Amino acid sequence: MSELGSFKNVYDIEGLTIEYEVGRSSLRAVNDVSLGIRDGEALGIVGESGSGKTTLALSLLNLVPPPGRVKSGKVVFDGQIDILSLSGEELRKFRWKQTAMVFQGALNSFNPVLRVGDQILETMTEHGLGDRQKGMEKASDLLRLVRLDPERTMKAFPHELSGGMKQRALIATSLLLDPKVLILDEPTTALDVISQKYILNILSDLRRKLGITIVLLTHDLAICTEVVDRIAVMYAGRMVEIAKTQDLFLRPKHPYSMGLIRATPSVFGDVKELKPIAGSPPDMFNPPQGCPFNPRCPFASQVCTSKVPNLEMISEGRLVACHKWGDI
Amino acid sequence: MPAINGAIYDLGQDYLLETKGLTIKFEARSSTLLGKAATFSAVENCNFGVRGGEVVSLVGESGCGKTTLGKAMIGLIRPTYGTVLYGGKGIWGLKGRDYYEFRRNAQIIHQDPYSSLHPIKRVYEIVSSGMRYYKLCSSEGEIRDKVSELLNLVGLNPPEYFMNKYPHQLSGGQRQRVAIARAISLNPKFVVADEIVTMIDVSLKIGVLNLLLDLRKRLGSSFLFITHDFGVARYFAEGGRTAVMYLGSMAEIGKTEELINEPLHPYTKALLSAVPITDPVLAKKRKMLELRKIDPPNPVNPPPGCKFSDRCPFAMEGKCDKSAPELIEAKPEHLVACYLYAS
């Protein structure tokens, strides 16, 4: 099922299922996911560790590592390029040029014995942007955009930069080839609150100045409030709710989204007693029958344990996979 | 009361555990092959205390020295300068019975439940070993009952099932519950809880936090709750105090609600203006306190004077970059180390 089509989608994901085969058993990391990513939007994909958000993001670059295998479904870029059928040189040209990704734990992505500037230059030559002078200018502009001093940063070795600076340098590097889409996997997880805030502000700047599409993967709902237009919530490999940021926070429709919001302590406003989500995350080798959230769900009934709910559109641009959403 | 290390305010009389002029220096790896190893202060000239039955949240970025301070307070790290007092006596001078009692009464729950539990011991042995060492039970049967009771208390039900598990058979949340059971098994008067929910899945965090809150009320122990997350700090230390550290120095200490609603130190203000919040309406309206420098300095090489002076938008030239401000009582029970509030 897809959403109302008045928006131009830069990505269309349809019925995507990805499995990892481990020994004799297999783990379904992404399970029948359909999602459209709109051109120019900032989309947050929220889920706990093991929810499948990273695997889903990797598939956008046809980068799912073995033993992962796409079982079924399609990932279409710009309405025409079938990403999962690309290979070799085509794929190499697609990555970074059309869609770039800043990986989780990216703080260690730089080669420790090369200066940051040389690594930036290498990326450019490798992708056929030969003119050194122009390349350096472009890199400087991008570094300034992420609020780094270009001269100092280019000359520095990675260990001379703080975590926040490295992360920002990486974001600049990922933008070198003017990608249409930038995917960031937990970009602020290892950073302190102030560095985190600056990175989020920079992401907003990038959208405004470059019109780039941003996909932000995170386990922390709270960092989505200011940057992201829409949020897609994943649980146990499935998409359980897709909504505009404001709608999701003010009126969550899936019991899991609701649980996550209720379990986040706030600094401002009244101190509310927070409620944990009952039970524990599912064993992905042995997921529960029916709706994957049913063993932890306070609203679960007979039907939830036997039938997997479809991702249904309940109002414009709002999708929920829950048998009981009407009662919530 | 005399001034301590130049501190202007009175440290008060009723602290269960307090630090006076506590400084802890570590050696940083030398940057030159033959050069002398550089040292830096993880904690510098820190005057801080926790009262009997009180809960204090300690907030700061990673690397600011909050864990070092917590460990020093229960005698796991020896101070380079200064002292830690337990009931008014220096902990490093305690002998015999007194030392034994201090150790029993000062416990810690570590950050990482994946490395803080002995991997080849069963939960039963992990939780009972302290009680056995301090001879708190007279028979094996009594120990068994006590372990049962503790596991029950931390929500590991049924206890008989969890007793015989090894740590690797448990989830992060369950492991942290075992670590909590171990810490409270000795009825401590003072517990350091060091980032105890950082490594736990989002959906399970609140369960562990609520458990510890409930135990705190039940046991009446003092808690030093260390966290980088202001929201969690506030949730835990509601009605108590919160302290903010920056690069080894105490920046501000006050009642939790007052510190959050009327922060004094520019660093606290910056932190609070940057904390992510789940209210989208409020989030859009909020203005961030812009700093002069986005990135913190290298802790081996902090700026002279106030360590926040190179980033602080209110820094006064010739003052803040000359000498470090002392912690003063700007309002009743509200201490701040900043020249903006010095009379």
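In what follows, chains carry the letters A, B, and so on, assigned in the order in which the sequence lines appear, proteins first and then strands, with residues in each chain numbered from 1. Owing to the predicted nature of the structure, the values given are computational and were not obtained by experimental measurement.
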Sidechain N-carboxylate O distance under 4.0 Å for [X], [Y]:
X: B:R241; Y: B:E54; value: yes
X: B:E61; Y: B:K66; value: no
X: A:E226; Y: A:K197; value: yes
X: A:K53; Y: A:E186; value: yes
X: A:E41; Y: A:R207; value: no

Tell me, out of [options], who's got the most heavy-atom pairs with chain A below 4.5 Å.
options: B:D229, B:D295, B:L213, B:N210; value: B:D295
options: B:L282, B:L291, B:N298; value: B:L291
options: B:V208, B:L271, B:L289, B:L209; value: B:L271

Need one label for [X]: side chain, backbone, both or neither, based on atoms under 4.5 Å from any heavy atom in chain B.
X: A:R262; answer: neither
X: A:S49; answer: both
X: A:I261; answer: neither
X: A:E273; answer: both
X: A:I194; answer: both

>> Contact between A:L145 and A:I202 at the side-chain level, heavy atoms closer than 4.5 Å - yes or no?
In response: no

Top residue by heavy-atom pair count (under 4.5 Å) with chain B, among [options]?
options: A:G50, A:S266, A:S162, A:S195; value: A:S266
options: A:G279, A:G164, A:A278, A:A263; value: A:A263
options: A:D192, A:L248, A:I277, A:V267; value: A:V267
options: A:L221, A:T225, A:L274; value: A:L274

> Does atom CD of B:E333 have more than 12 heavy-atom neighbours, drawn from other residues, nucleotides or ligands, at distances under 6.0 Å?
Replying inline: yes

>> Heavy-atom count check: over 12 atoms from other residues, nucleotides or ligands less than 6.0 Å from B:Y161 OH?
In response: no

> Which bit of B:S171 comes within less than 4.5 Å of chain A, counting heavy atoms only: side chain, backbone, both or neither?
Replying inline: neither

> Side chain, backbone, both or neither: which part of B:E257 has a non-hydrogen atom closer than 4.5 Å to chain A?
Replying inline: side chain

> Between B:F236 and B:F225, how do the two ring planes meet: parallel, tilted or perpendicular, split at 30° and 60°?
Replying inline: parallel

